[in-house]
Amino acid sequence: TRCSSTRPAPRGESGDEAIDLNVDGTTDFRRLTQVTPNGEIFAIRVWVFPAAERNTPVAQLLLNPERHHVQAQINTVISR
């Protein structure tokens, strides 16, 4: 899998990745990752969108993921 990305920072910034599953040079999906720290706990949210949404502003995608055909929406918590 090849990804071009901005990795999430530990202070809670979002990552925005173009994912090329079959390494043919074409983006297959766009993955957004949001890490929100809260003391010893980190809330992790991940959204996967189709490649057609690769140029859509992040704020628009997160405001209404269903409208932008979200393929997966995952929420979890990591604690130390």
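In this text, all values refer to a predicted model and were calculated from it rather than measured experimentally.
Arg67 contributes no side-chain N or O that, together with a main-chain N or O of Asn64, makes up a donor-acceptor pair within less than 3.5 Å.
Under the side-chain contact (heavy atoms from CB on, under 4.5 Å) test applied with Asp28, the options Val23, Ile19, Asp20, Val48 reduce to a single match, Asp20. Only one option out of Thr33, Ile74, Leu32 pairs with Trp47 in a side-chain contact (heavy atoms from CB on, under 4.5 Å); it is Leu32.
Between Pro50 and His69, some side-chain heavy-atom pair lies under the 4.5 Å cut-off. With a 4.5 Å cut-off on side-chain heavy atoms, Ser79 and Phe42 do not count as touching. Residues Gln73 and Val70 have side chains in contact (heavy-atom distance under 4.5 Å, counting atoms from C-beta outward). No side-chain heavy atom of Ile44 sits less than 4.5 Å from a side-chain heavy atom of Gln34.
Within a 6.0 Å radius of CG in Asn38, other residues, nucleotides and ligands contribute 12 heavy atoms or fewer.
No chain of hydrophobic side-chain contacts below 4.5 Å, direct or via other Ile, Leu, Val, Met, Phe, Trp or Tyr residues, connects Ile41 to Ile78.
Salt bridge annotation for Arg30-Glu53: absent, with no cationic side-chain nitrogen under 4.0 angstrom from a carboxylate oxygen.
Taking CG of Asp16 as the start and CG of Leu61 as the end, the distance is 8.0 Å to the nearest 0.5 Å.
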